[in-house]
Amino acid sequence: MGEDSLRSGSDGEKSSKSVISLYALLRVLKGVGVATKTSTEVSELVTRWTSTNLWLRQNIRSDTADPRDSQGDATIAHSLREWSDVIAHDLEVEKGRHLARLALGVAFLRENGRRGVEVTEEDLSYVWTLIHGSLANTERVRCVATRSGFVAVPLCTLLDGERIEELFRLHIWLPDGNRGGYDYAIRSHQSFAQSWVLAGQEKELSYRVDSNPLLTNATHAYTNSLGSTIIAKAPT
């Protein structure tokens with residue numbers, strides 16, 4: 001999900017101790033509605049339920065809420081599993097539950113990423129259960145097949161006006177030989193990105209190429225920051 005490597009907290013903090021504020025969940029919930037094109041009716045229903053649920057407001061764990069979320073409901077915070085349990089038991093509308101679980105999974109990863117907290121394998125597995133279950137029970141899942149050979153599923157789009165501020169996508173990679181063309185076998189990014197492996201395994205490889213002006217000897221091509229295509233030859 002996303003790309004690049006996962007950062008770890010400098011103090012070795014683990015995600016099992018993390019909590020998600022109501023403010024953070026509501027922000028992500030809005031972005032999930034945008035990315036998945038969920039109907040306004042369902043999105044507003046879940047937002048109202050989340051904002052007014054008595055258990056969430058009476059059982060407050062404000063001691064570990066993120067102080068950077070200094071607006072509105074930032075002091076109301078719960079763990080991943082506490083949120084999941086109350087969604088399962090108290091949110092009666094099925095479509096609303098799937099939307100809330102998807103938002104919960106994304107919010108958990110986002111909050112830990114912002115704090116530089118390492119997400120444990122157990123928590124990653126739990127988040128995958130939330131996201132997979134939500135998508136599997138959605139009537140139509142939006143997805144795009146890319147030239148790099150993976151399928152991208154939009155999960156959350158956080159907007160600042162009309163500008164995309166944050167973007168979360170689920171990338172589904174097929175095994176070698178089943179992806180896109182060989183010319184797009186190497187994947188890279190110009191902008192900052194962070195990723196989590198929710199299912200399966202990853203292997204990160206770094207490549208170095210030598211500039212090569214002769215097209216006949218070239219093995220790769222890439223586009224620089226000016227938009228120019230550079231012909232290159234991989235070292236042997």
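One-based numbering along the sequence shown.
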In terms of hydrophobic clustering (I, L, V, M, F, W, Y; side-chain heavy atoms under 4.5 Å; direct or indirect links), are [X] and [Y] co-clustered?
X    : Y    : result
I172 : L109 : yes
F168 : V34  : no
L167 : L102 : no
V141 : V127 : yes
I20  : W196 : yes

Strictly distance-based, threshold 3.5 Å: is any side-chain N or O of [X] a donor or acceptor partner for the main-chain N or O of [Y]?
X    : Y    : result
S134 : L130 : yes
R97  : E92  : yes
N53  : W49  : no

Compare all side-chain heavy atoms of [X] with those of [Y] and state whether any distance is below 4.5 angstrom.
X    : Y    : result
L99  : S43  : yes
L159 : I164 : yes
W128 : V197 : no
L135 : L170 : yes

Nearest-0.5 Å distance, [atom1] of residue [X] to [atom2] of residue [Y]:
X    : Y    : atom1 : atom2 : answer
L26  : T50  : CG    : OG1   : 6.0 Å
T38  : E44  : OG1   : CD    : 12.0 Å
T138 : K95  : OG1   : NZ    : 9.5 Å
L198 : D123 : CG    : CG    : 11.5 Å
L25  : K30  : CG    : NZ    : 14.0 Å

Any idea which heavy atoms bring [X] and [Y] closest together, and the distance?
X    : Y    : answer
P154 : A152 : CD-O, 3.8 Å
R48  : T52  : O-OG1, 2.7 Å
V28  : A103 : CG1-O, 3.5 Å
S79  : V19  : N-CG1, 4.0 Å

- Task: Tell me, with the steps shown, if S18 and L80 meet side-chain contact (heavy atoms from CB on, under 4.5 Å).
- Result: CA-CA 8 Å; S18 298; L80 175 65; over 6 Å; no
- Item | side-chain contact (heavy atoms from CB on, under 4.5 Å) between L91 and L45, worked out | CA-CA 10 Å; L91 187 51; L45 181 150; 4.1 Å; yes
- Query: Can you name the residues that form a side-chain contact (heavy atoms from CB on, under 4.5 Å) with S39, not counting sequence neighbours?
  - Reply: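 For S39 the side-chain contact (heavy atoms from CB on, under 4.5 Å) partners, ignoring immediate neighbours, are E41, V42.
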- Task: Step through the shown structure and confirm whether more than 12 heavy atoms of other residues, nucleotides or ligands are within 6.0 Å of CZ on R140.
- Result: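 No, CZ of R140 has 12 or fewer neighbouring heavy atoms, counting only those of other groups under 6.0 Å.
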- Which of parallel (below 30°), tilted (30 to 60°) and perpendicular (above 60°) describes W83 and H78?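 It falls in the perpendicular class, over 60°.
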- Message: Can you classify the ring geometry of W173 versus H171 as parallel (below 30°), tilted (30 to 60°) or perpendicular (above 60°)?
- Response: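 W173 vs H171 ring planes: perpendicular.
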- Can a salt bridge be assigned to the pair E111 and R114 using a cut-off of 4.0 Å between side-chain N and carboxylate O?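 Between R114 and E111 there is a salt bridge, with a charged N closer than 4.0 Å to a carboxylate O.
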- Partners of R27 by side-chain hydrogen bond (donor to acceptor under 3.5 Å, both in side chains), sequence neighbours excluded?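 Counting only residues at least two positions away or on another chain, R27 forms a side-chain hydrogen bond (donor to acceptor under 3.5 Å, both in side chains) with E165.
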- salt bridge (Lys or Arg N to Asp or Glu O under 4.0 Å) partners of R142, counting only residues at least two apart: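 Listed in chain order: nothing, the list is empty.
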